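Scope of the values below: all heavy atoms of this structure, side chains included, with no hydrogens, waters or symmetry mates. What you see is a predicted model, and the numbers here were worked out from it, not measured in a lab.
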Amino acid sequence: MVSVMAVLSISGCSHPPTYTSNDPIRVDNDRQNIAEPSDTDPSLIWQYADRIVFTQAEQILNLDRGFGKLFGHPEQAWNINSFDEVPNSSWYSNRQSESPMTDEQIRRGPCDINGPDQTADWTIIRAKVMGQTPGFWIEDGKGNRYILKFDPRGYPELATGAAAMASRYLYAMGYNVPEEYIVYWHPDNISIKEGLTYKAGGGAKKPFTRQSLDEIIAKVHVMEDGRIRSLASMALPNVKGPFSFDGTRADDPNDWCRHEHRRELRALYVFCSLINHWDIKDQNSLDIYADENGNRYLKHYLIDFGTTFGSKGDGPQKPDGGYTNTFDLRDAFVSLITLGLKKWQWEKFPEPP
């Protein structure tokens, strides 16, 4: 025990950091031109299994991590500069620290147009009718494409308002997010692309008809005048699939830092806790093959923010949402050894109406 304390004492008396003439590094040079990566489509089922079982078990059994946190020496992120800051990169921009945003800039977020053009009818070009949150992609009269998302029936503004606020909040924090707008439209002012199909149960393709559209509308909140409030999320170009919250991407030479050691991705634990973004996962991210100033590289986005601020997407969030993992190994073990006498914080809150 004495030897352990001696080692900790010596490690706590390390020399102050040394700096060079180019410190602090403000920009991570990860936007170099690369060959076009392949598309990725990871299994959501495997990701749930990995997060619920293997990741939690690894964290519990990682003694170095546990002792480091216990003695105030947690493992530091790999991509911080000599001033303990995160450089600007394809992942993150220091928007507030370099030039604090005005209220109006925060309200607009990344949006630099006024949303879908409503001088002409929209056309549905792709549809998703299965699942708890059906929706579809539209093309407006100017050729811009958007994903339309809706409020659950009986809960006006719940999911759309949450998503619009969360995207602007995370943009202000420094992350890349799509342009997202609140729009109001009437089913009479929308048409369906000729020959459009959708995947039904079992993977079979079926024609998407006006009846299919009516079935989607029956599941969402409709205003008294027949209009539908929606979140219109502008489609991102050249999508190459989601990124992972651990490891690196093999076909991206710019991806030098393991994702679990990126400060900006670690910080999402704090930022998402504040707005209770409980559904953040690999599938709610996107890598796009961006073309900027002649360089083509992967740029990393967060997407899909309808499960924030008390919204579960298809209704109000339940009290345990955001407090525990879907299946929490640690909490389950504590409940087991205390014979259920341990009461968790969320258990004292009532179910939402």
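Proximity of a side-chain donor or acceptor of Arg229 to a complementary backbone N or O of Val183 within less than 3.5 Å is not detected. A donor-acceptor contact shorter than 3.5 Å links the side chain of Ser191 to the backbone of Trp122. With hydrogens and angles ignored, the 3.5 Å screen pairs a side-chain donor or acceptor of Asn295 with a backbone N or O of Arg31. A donor-acceptor pair is defined here as one N or O able to donate and one able to accept, closer than 3.5 Å; no such pair exists between the side chain of Asp28 and the backbone of Ser89. For Asn176 (side chain) and His300 (main-chain N/O), a donor-acceptor pair under 3.5 Å exists by modelled atom type. Between the Tyr155 side chain and the His221 main chain, no donor and acceptor come within less than 3.5 Å of each other. The backbone N or O of Met173 sits less than 3.5 Å from a side-chain atom of Tyr92, completing a donor-acceptor pair.
Geometrically, Arg249 does not engage Phe243 in a cation-pi contact defined by less than 6.0 Å to the ring centre and at most 45° from the axis. In this structure, Arg126 is positioned above the aromatic face of Trp137, its NZ or CZ under 6.0 Å from the six-membered ring centre and within 45° of the axis.
Ion pairing of Asp304 with Lys149 is present here, as a side-chain N (NZ or NE/NH1/NH2) and a carboxylate O approach within less than 4.0 Å. Salt bridge status for Glu85 with Arg26: present, with a side-chain N to carboxylate O gap under 4.0 Å. Under a 4.0 Å N-O distance rule, the pair Arg227/Asp225 qualifies as a salt bridge. Salt-bridge formation is detected for the pair Lys299/Glu292: a Lys NZ or Arg NE/NH1/NH2 atom is positioned less than 4.0 Å from an Asp or Glu carboxylate oxygen.
Between the side chains of Ser90 and Asp30, at least one donor-acceptor pair of N or O atoms lies under 3.5 Å. Side-chain N/O atoms of Glu36 and Asn238 include no donor and acceptor closer than 3.5 Å. Counting only N and O atoms by type, the side chains of His259 and Asp246 include no donor and acceptor under 3.5 Å apart.
In this structure, Asp41 places its CG atom where only 12 or fewer heavy-atom neighbours from other residues, nucleotides or ligands lie under 6.0 Å away.
Contact check for Tyr323 versus Trp344: no side-chain heavy atoms found under the 4.5 Å cut-off.
Of the candidates Glu264, Arg263, His261, Glu264 is the only one forming a side chain to side chain donor-acceptor pair (under 3.5 Å) with Asn79.
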